[in-house]
Amino acid sequence: MRQPAADFAEAVLDVVAAIPPGKVMTYGDVAAVLGTRAARAVGNVMAWSGGDVPWWRVIRASGLPAAGHEERALARFEEEGTPLVATPDGYKVDLRLARHIP
DNA sequence: AAGTTGACTTTCG
DNA sequence: TCGAAAGCCAACT
């Protein structure tokens, strides 16, 4: 199990918790706030932290949520009124409107 | 110390 | 516009 360092994980969780409802940030953006490009490491922290953080507000640059967690994320997005875009395959987040810049 | 893995990003064909 | 390949960073074995 890839258990991230406490300090790194803490920093990631702090940024994620700072994202307001109805908004989202890409993994790359979160990593940038931390002063690095480790988007994958950010995702790793999310997987480790699990349900204690609004992980659905952290999505990929494509506008799609975490792989394999699209349904759960969708429920949250509809609940929070996050700007979504319908796609033939399903849906995606409208990053133009929903992207949160700290 | 070196290699593998991952809820990623960006570029090239 | 879509799919494949390479690139990057942090953590684990």
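It should be emphasised that the depicted structure is a prediction, and the values quoted were computed from it without experimental measurement. Below, all heavy atoms of this structure are taken into account, side chains as well, without hydrogens, waters or symmetry copies. Quick note on labels: first sequence line is chain A, next is B, and so on, each numbered from 1.
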List every contact pair, protein side and nucleotides 4-6 of chain B side both N or O, where the distance is under 3.5 Å.
residue: B/dT5; atom: O3'; partner: A/Arg2; partner atom: NH1; Å: 3.4
residue: B/dG6; atom: N9; partner: A/Arg40; partner atom: NH2; Å: 3.3
residue: B/dG6; atom: N7; partner: A/Arg40; partner atom: NH2; Å: 3.3

- prompt: Is the shortest heavy-atom distance from the side chain of A/Pro4 to the side chain of A/Asn44 under 4.5 Å?
  reply: no
message: Any base atoms under 4.0 Å from A/Ala61, or only sugar-phosphate, or nothing? Heavy atoms, all strands.
response: sugar-phosphate
query: According to a 4.5 Å side-chain heavy-atom criterion applied to Ile, Leu, Val, Met, Phe, Trp and Tyr, with indirect links allowed, do A/Leu84 and A/Leu64 form part of one hydrophobic cluster?
result: no
message: With a 4.5 Å cut-off on side-chain heavy atoms, are A/Val24 and A/Thr82 touching?
response: yes
task: Output every pair passing side chain to side chain donor-acceptor pair (under 3.5 Å) with a member in residues 5-21 of chain A, not counting sequence neighbours, ordered by first then second residue.
output: none
Without placing hydrogens or testing angles, list every side-chain donor-acceptor pair under 3.5 Å for residues 91-102 of chain A, not counting sequence neighbours.
residue: A/Tyr91; atom: OH; partner: A/Glu70; partner atom: O; Å: 2.7
residue: A/Tyr91; atom: OH; partner: A/Leu74; partner atom: N; Å: 3.4
residue: A/Asp94; atom: OD1; partner: A/Arg96; partner atom: N; Å: 3.2
residue: A/Arg99; atom: NE; partner: A/Asp29; partner atom: OD2; Å: 2.6
residue: A/Arg99; atom: NH2; partner: A/Asp29; partner atom: OD1; Å: 2.6
residue: A/Arg99; atom: NH2; partner: A/Asp29; partner atom: OD2; Å: 2.8

query: Closest heavy-atom contact between A/Pro65 and A/Ile59?
result: CA-CG2, 3.7 Å
- prompt: Does A/Ala31 have any side-chain contact (heavy atoms from CB on, under 4.5 Å) partners at least two apart in sequence or in another chain, and if so, which?
  reply: A/Thr36, A/Val42
- request: Please report the shortest heavy-atom distance between A/Trp48 and A/Ala9, naming the atom on each side.
  value: CZ3-CB, 3.9 Å
- request: Can you tell me the distance, in whole Å, between the CZ atom of A/Phe8 and the P atom of C/dC9?
  value: 12 Å
query: Roughly how many Å is it from CG in A/Leu64 to P in B/dT9, rounded to a whole number?
result: 10 Å
task: Please confirm whether the backbone N or O of A/Asp52 pairs with a side-chain atom of A/Ser49, one donor and one acceptor, at under 3.5 Å?
output: no
task: Using a cut-off of strictly less than 4.0 Å between a heavy atom of the residue and any atom of DNA chain C, enumerate the qualifying residues of residues 9-39 of chain A by number.
output: A/Thr36, A/Arg37, A/Ala38
statement: Expected list for residues 68-77 of chain A near DNA chain B, using heavy atoms below 4.0 Å, is none
task: Can you tell me which stems DNA chain B forms, taking runs of 3 or more consecutive Watson-Crick or G-U pairs with both distances under 3.5 Å?
output: B:2-6 with C:9-13, B:8-13 with C:2-7
query: What are the two closest non-hydrogen atoms of A/Trp55 and A/Ala73, and how far apart are they?
result: CH2-N, 4.1 Å
Pairing residues for A/Glu80 by the side-chain hydrogen bond (donor to acceptor under 3.5 Å, both in side chains) criterion, not counting sequence neighbours: A/Trp56, A/Arg57
query: Who are the side-chain contact (heavy atoms from CB on, under 4.5 Å) partners of A/Ser62, not counting sequence neighbours?
result: A/Arg60
statement: Residue set satisfying side-chain contact (heavy atoms from CB on, under 4.5 Å) with A/Val15, at least two apart, ordered chain then number -> A/Met25, A/Val30, A/Val33, A/Leu34
statement: What residues 80-101 of chain A contributes to the DNA chain B interface at heavy-atom separation below 4.0 Å is none
